[in-house]
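In what follows, a single structure is set out as structure tokens and then discussed.
Indexing begins at 1, ligand by ligand and atom by atom, following the structure's order. Only a predicted model underlies this, so the values are computations on that prediction, with no experimental measurement involved.
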Amino acid sequence: MSELTNLTIVGARDLLAKGEISSKELTEAHIVAVEAARPLNAFITETPEKALEMARASDTRRAAGEAGILEGLPIGMKDLFCTEGVLTTAASHILDGFHPTYESTVSRNMWDAGAVLLGKTNLDEFAMGSSNMTSFYGGVENPWRRSGDNRPLVPGGSSGGSATAVAARCALGATGTDTGGSIRQPAAFCGIVGMKPTYGRCSRWGIVAFASSLDQAGPMARSVQDTAILLRAMAGYDAKDSTSVNVAVPDYEAAMTGDVKGMKIGIPKEYRVDGMAGEIDQLWQQGIKWLEEAGAEAVEISLPHTRYALPTYYIISPAEASSNLARYDGVRYGLREEGATLDQMYEATRGKGFGAEVQRRVLIGTYVLSAGYYDAYYNKARKVRSLIAGDFAKAYEKVDAILTPTAPSPAFGMGDKMDDPIAMYLNDVFTVPASLAGLPGISIPAGLSAEGLPLGLQLLGKAFDEETVFKVAGVLEAAAAFEAKPAFLAA
Ligand code: GLN
């Protein structure tokens, strides 16, 4: 870890602005770090030459007085965002050799703001997973270790490559996408900050689709302010995405006033789930105390349909996925296996191109959408989804934000839970409800488990009120003063 790679985005931005460092120097230091971290497998594609070219162009722009809000900052891009001319895989075999001829709106926004691409980060195949173990390119290793135990742990998923890259100081920040928790849970497992904005805040155009009514892009970085800076550049209305919402993007940094006096923070009683580790509950209580000490008031609330959130999510998301993934037919993209007939070619291509988890979801999705079961499963799930959204709407009549743990456990071992999909799906128990309701949420590293692993607290906000989320998160972050660093950096 060099001094340059240990900077926050705020710190790097200041040094760049003062002319004390160049984007070229900053980028070179990160390219070295990306190479040194190869054993973690955080990147599917490294783009060092492109990075240096972008850094030089950035230094030229700055010299001409044209610095954007991410000017010269090297970042990782989850390999679910289409990047023009740069291999885009969604961590799937089926997208072999896919070089998009277009750029996703979010990545385009970031390059327009001056950011530099270090590479495409690893993820669960098509963003389906909570461990990053379903990637065709192999699992990602969490840079953290349990104390006195060198067994490798998962970084969480699906944005596990981005979380590892940021935690291991390979990138100042990275993008993630969150369908049911894929930004917040890996952020918690890797001891960084991850923010899922309101559905519709960032354009989905050019992001490989998983479940279109849930997918949302967001930033991952090492401080709340850093994620606020990234989100401002990523967000914005886009006519190319019909679900993108035409509202102004506020200055999220300016919202971080540190003042939460008199604010009401909801504590949902249904989130006290069975089997949750005692240390997670303790951290949650600690979080409540921190906010009370800062002058906020904790209010118990009820989100009565919480227990239906996971089953609802695991009907709606596979249903949408089965439809979205129908386009991978061996004709239009990537892999193609031969077959005597067209149907056999489809079958052979999809059978080989999709991994086991993706196939499971396509099967579940096809089943819940089939003629005889559509009403019993899919339509029922849609109704329950609106009840869940209604729970939040009611709660937000009384409170400004909601505090919960991010995940029910710290990072687990690589290979654990692989033969038990239900145990794997339980990772999302605290993140999925807000996804179904389309609400913004952030995970902040707030403490360490007894075994020395990072634990996250989650703050949820009202639709399009990311400002309050950032404000409260900043206060929580200051109180938690999380300074611990992953074992990988000491090695
Ligand atoms: N773990 C959840 C799933 O597997 C969420 C994934 C995500 O948010 N992309 O569906």
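Just one residue in the list Tyr308, Tyr425, Tyr377 forms a ring-ring contact (aromatic ring centres under 6.0 Å, His included) with Tyr314, and that residue is Tyr425. Pro197 pairs with exactly one of Val249, Leu231, Thr227 by the side chain to side chain contact (heavy atoms under 4.5 Å, CB included) rule, that one being Leu231.
Residue contacts with ligand 1, taken as heavy atom pairs separated by less than 4.0 Å, involve Asp428 solely via side-chain atoms from C-beta onward. The proximity of Phe126 to ligand 1, defined as any non-hydrogen pair under 4.0 Å, does not occur for either the backbone or the side chain. When non-hydrogen atoms are compared, ligand 1 lies under 4.0 Å from the backbone of Ala127 as well as from its side chain. In Tyr425, neither the side chain nor the backbone holds a heavy atom less than 4.0 Å from any atom of ligand 1.
Near Phe210, the atoms of ligand 1 lying under 4.0 angstrom from a non-hydrogen atom of the residue are 9 (N), 10 (O). Those atoms of ligand 1 that come under 4.0 Å of a heavy atom in Gly129, given as number and element, are 1 (N), 2 (C), 3 (C), 4 (O), 6 (C). Numbered from 1 in the order shown, with element, the atoms of ligand 1 that lie under 4.0 Å from a heavy atom of Ser158 read 9 (N).
With values rounded to the nearest 0.5 angstrom, Trp205 atom CH2 is found 11.0 Å from Ile207 atom CD1. Distance check: Arg272 CZ to Asp281 CG gives 5.5 Å after rounding to the nearest 0.5 Å.
The backbone N or O of Val224 lies less than 3.5 Å from a partner atom in the side chain of Glu477, making a donor-acceptor pair.
The pair Glu467-Lys471 does not meet the salt-bridge criterion, since no charged nitrogen lies less than 4.0 angstrom from a carboxylate oxygen. Between Asp112 and Arg108 a salt bridge is recorded (basic side-chain N to carboxylate O distance below 4.0 Å).
Counting protein heavy atoms only, atom 5 (C) of ligand 1 is closest to Tyr313 OH, 3.3 Å. Ranking the protein heavy atoms by distance from atom 7 (C) of ligand 1 puts Ser182 OG, 2.4 Å first. The shortest contact between atom 3 (C) of ligand 1 and any protein heavy atom is with Tyr314 OH, 3.2 Å.
Distances between N or O atoms of Gly180 and those of ligand 1 include at least one value under 3.5 Å. For Asp178, no nitrogen or oxygen atom sits less than 3.5 Å from a nitrogen or oxygen atom of ligand 1, counting backbone and side chain alike.
The closest approach between any non-hydrogen atom of Ser317 and ligand 1 is not below 4.0 Å. Within the 4.0 Å heavy-atom cutoff, Arg361 counts among the residues contacting ligand 1.
In the model, Asn324 has a side-chain atom that pairs as donor or acceptor with a side-chain atom of Ser212 under 3.5 Å.
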Q: Give the intermediate values and the outcome of side chain to side chain contact (heavy atoms under 4.5 Å, CB included) for residues Ser203 and Lys240.
A: CA-CA 8 Å; Ser203 170; Lys240 291 194 289 232; 5.6 Å; no
